[in-house]
Structures are given as C-alpha cells and as structure tokens.
Amino acid sequence: MADDASATRRAELGAFLTSRRGRLRPADVGLPDGPRRRTPGLRREEVAQLAGIGVTWYTWLEQGRDITTTAQTLAGLARALRLTGPERAYLLRLARPADALDVPELDDGARHALTTFVAALAEPAYLMDARWDVVAYNDALTAWIELDYADVPPERRNVIVQTFTLRSWRDRQRDWERVARTCLAAFRASYAVAVGDPRMSEVVALLERSSPEFRAWWPEHDLLDGPAQSLQVHEHPRVGTVTVENTLLHPATAPRLWLGIHTPADPDSAERLARLRTPAARR
C-alpha cells in the first residue's frame, strides 16, 4: 500500500510539473522563441537549464520515476517555473513529504472542543478533514443548505462532492463556476497532504465519474492554499437572495482540519439567515 501511495504521489508530481511547464512561454523566462514549437510551453531542456539541473533527471521527475530530490533542486525548479507560494508548498509536499510539517493526530478532547464550538456558532459552519469529509456541522448549516449530513451516505458526506454533484446547491448559486473552481483549487492543496490515501482516491474517482466539470478542471492543477475566502450569492428557495463570505481556515489547535463558515455579507443577508434558524422557516 505504501508503494502504491508513493507511485501515486510521484505521478501527481510529474503531472503538476508538466502542467506548469506548459503554461510558460520562452519570453516569460527571458528565452528566445526559437524554432516553431509543436506544443505550447517550455521544453524540458529549457526548464532544466533554467533550474540548473540535468535534463535527464528532470525528465525522470516528470515521468514519475523513483529518484531522490533535494530542497535545493526543488527551489531551483520553483524559480524556473515561476511558481507561486502555494504552488511551491504543493511541490514540496509532493516531492519531499518527509519535510512537511509533522502534525499530530487530533485527540478526543480537542475534537470535542471544536465540535462544541461549531455547534454553538450562529452562522452556518462545519469542520472537514484533509479529504474534505465533513466531521462536524451545526444546525444553522443544515437549515442553510437544506441538507442534514446524517441523512447522506458516508461516501457523499463531503464538501467538494456536494459542490460538484448536489444539484440543489448548484442551482441556487449565481456564479457556480467561480465558486466551484475556488473550492477545487483549495481542495487541490489538501490533495497533496493525502495523495495516495484510499479515501482521497475514492473522492477523486467519484467526482471524475459524476461531474464533467471536475473531469475538465482537475488536470489544470489550479491551487489555492492557506485561508480561503470567497463571496457567494445564493438564491435561497425559502428566504430569497443571501450573500455570504465563505471562509476556510485551519484551526490553530487542529491543522489537519478545515473550519468552514458562511458569514452574511450585509444586514439583509444576516436577517434572512436568521429567519432560516426559526422553526417556521424550516417547515
């Protein structure tokens, strides 16, 4: 199983490097265009030259070979490919997972404290793990999305799966594509932490079967790391237009988890969200 996970991680690393190489033009990195190119992007030998590494070694890295990497060579690759901060972190997680922060598992006491905290929040909120499986949520969220995760099959009790496959959630959003792409970019950052994990592989496979948009966008390797915030406008069937700031962040006491909160962006939205929490609005 460990060998399978390592092979999956190496394949993901190769695909990521290939995608970033394909996004650059020679002019972007100070190279002449040269002869006509059959495919867009830089050639492997150009990336190797810019990074100060051997072209054979770089080719093997893109091919997913089991080779040794160093922090220095990866830093050179990040510079050559003009990677952003989140992309650099993603590269390091994939290439040298042993260098990633060693985060202990959450103990029962800390989990109970976070669950209690989420339940007490007035705004719709949830906790999810690195696979984006929901591990805790509050009544306000159930009223907001009109879905109780307790009634959802375990394999679909997942935020990214809900985003791409729950039709009622999709239809009420004015700009679903932007919201979905933002969620997918944040999910990709989590993927590096759990790549090769059976449950993570199951989530990705389910989405590839169920969503044509996911199948089209997943190979693009777009990334959004760290605290993520996006404005969402919903047409709720019970209370009308509600605009929220959807925020994702890591609790300091549980960096393996994400805390998601839907905060009303204006007084009217706050009033409408409050109405959803009344017994009359739930009927």
Side-chain angles (χ1 to χ4, degrees), residues 1 5 89 93 97-98 100-166 169 182-184 186-204 206-207 224-230 232 234 242 244-264 269-270 273-279 281-282:
M1 186 65 70
R93 290 187 196 123
L101 180 64
D102 184 15
V103 181
E105 292 287 351
L106 192 66
D107 62 45
D108 290 342
R111 183 180 294 273
H112 175 73
L114 281 170
T115 301
T116 302
F117 169 74
V118 169
L121 289 173
E123 311 304 346
Y126 58 92
L127 281 173
M128 63 184 184
D129 61 20
R131 303 157 192 85
W132 284 37
D133 285 332
V134 175
V135 297
Y137 58 98
N138 62 9
D139 290 342
L141 182 75
T142 298
W144 166 236
I145 65 177
E146 298 187 308
L147 177 73
D148 190 337
Y149 280 112
D151 299 328
V152 177
E155 68 273 12
R156 290 185 172 271
R157 207 173 294 164
N158 181 284
V159 174
I160 196 72
V161 171
Q162 169 195 315
T163 299
F164 278 87
T165 67
L166 187 62
W169 179 250
T182 300
C183 287
L184 186 59
F187 177 73
R188 173 66 80 172
S190 294
Y191 182 75
V193 178
V195 62
D197 173 83
R199 172 56 183 160
M200 179 62 91
S201 299
E202 178 185 330
V203 169
V204 172
L206 188 157
L207 286 163
L224 178 66
D225 207 355
Q229 193 169 39
S230 62
Q232 300 180 7
H234 297 251
V242 179
V244 298
E245 286 281 1
N246 182 42
T247 303
L248 286 177
L249 48 85
H250 287 300
T253 57
R256 286 181 181 269
L257 299 180
W258 288 94
L259 172 64
I261 305 176
H262 298 282
T263 307
S269 295
L273 272 179
R275 279 164 49 197
L276 281 172
R277 296 194 291 270
T278 65
R282 297 178 192 174

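Being a predicted model, the structure only gives us computed values, none of them experimental.
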Contacts of S269 that satisfy side-chain hydrogen bond (donor to acceptor under 3.5 Å, both in side chains) - sequence neighbours left out: D266
Partners meeting side-chain contact (heavy atoms from CB on, under 4.5 Å) with V161 (sequence neighbours left out): R156, N158, T165, V203, L206, L207
Where S201 and G196 come nearest, the two heavy atoms and their spacing: OG-C, 4.3 Å
Contacts of type side-chain contact (heavy atoms from CB on, under 4.5 Å), residue T142, not counting sequence neighbours: Y137, D148
Test item: Y191 and V204 side chains (from C-beta on) under 4.5 Å apart, heavy atoms: yes
Student check: side-chain heavy atoms of P251 and F117 closer than 4.5 Å: no
Parallel, tilted or perpendicular: ring planes of H234 versus H262, cut at 30 and 60 degrees: perpendicular
Qualifying residues under ring pair (Phe, Tyr, Trp, His ring centres under 6.0 Å), relative to Y126, sequence neighbours excluded: none
From CH2 (W258) to CG (L249), nearest 0.5 Å: 8.0 Å
Salt bridge (charged side-chain N to carboxylate O under 4.0 Å, His left out) partners of residues 112-136, not counting sequence neighbours, each pair once: E123-R277, D129-R131, R131-D197, D133-R199
Min side-chain heavy-atom separation Q162-V152 under 4.5 Å: no
Close side-chain approach of I160 to C183, heavy-atom, < 4.5 Å: yes
Any residue meeting side-chain contact (heavy atoms from CB on, under 4.5 Å) with A120, in chain and number order, not counting sequence neighbours: none
Set of residues satisfying side-chain contact (heavy atoms from CB on, under 4.5 Å) with respect to A125, sequence neighbours excluded: V118, L121, N138, I261
Minimal non-hydrogen separation, A130 against S190, with atom names: O-CB, 3.2 Å
Listed partners of F187 passing ring pair (Phe, Tyr, Trp, His ring centres under 6.0 Å), at least two apart: W132, W218
Closest non-hydrogen atom pair, G260 against L248: CA-CD2, 3.8 Å
For L276 against A143, the heavy-atom pair lying closest together: O-CB, 3.6 Å
Gap between atom CH2 of W169 and atom CZ of F164 - 0.5 Å precision: 13.5 Å
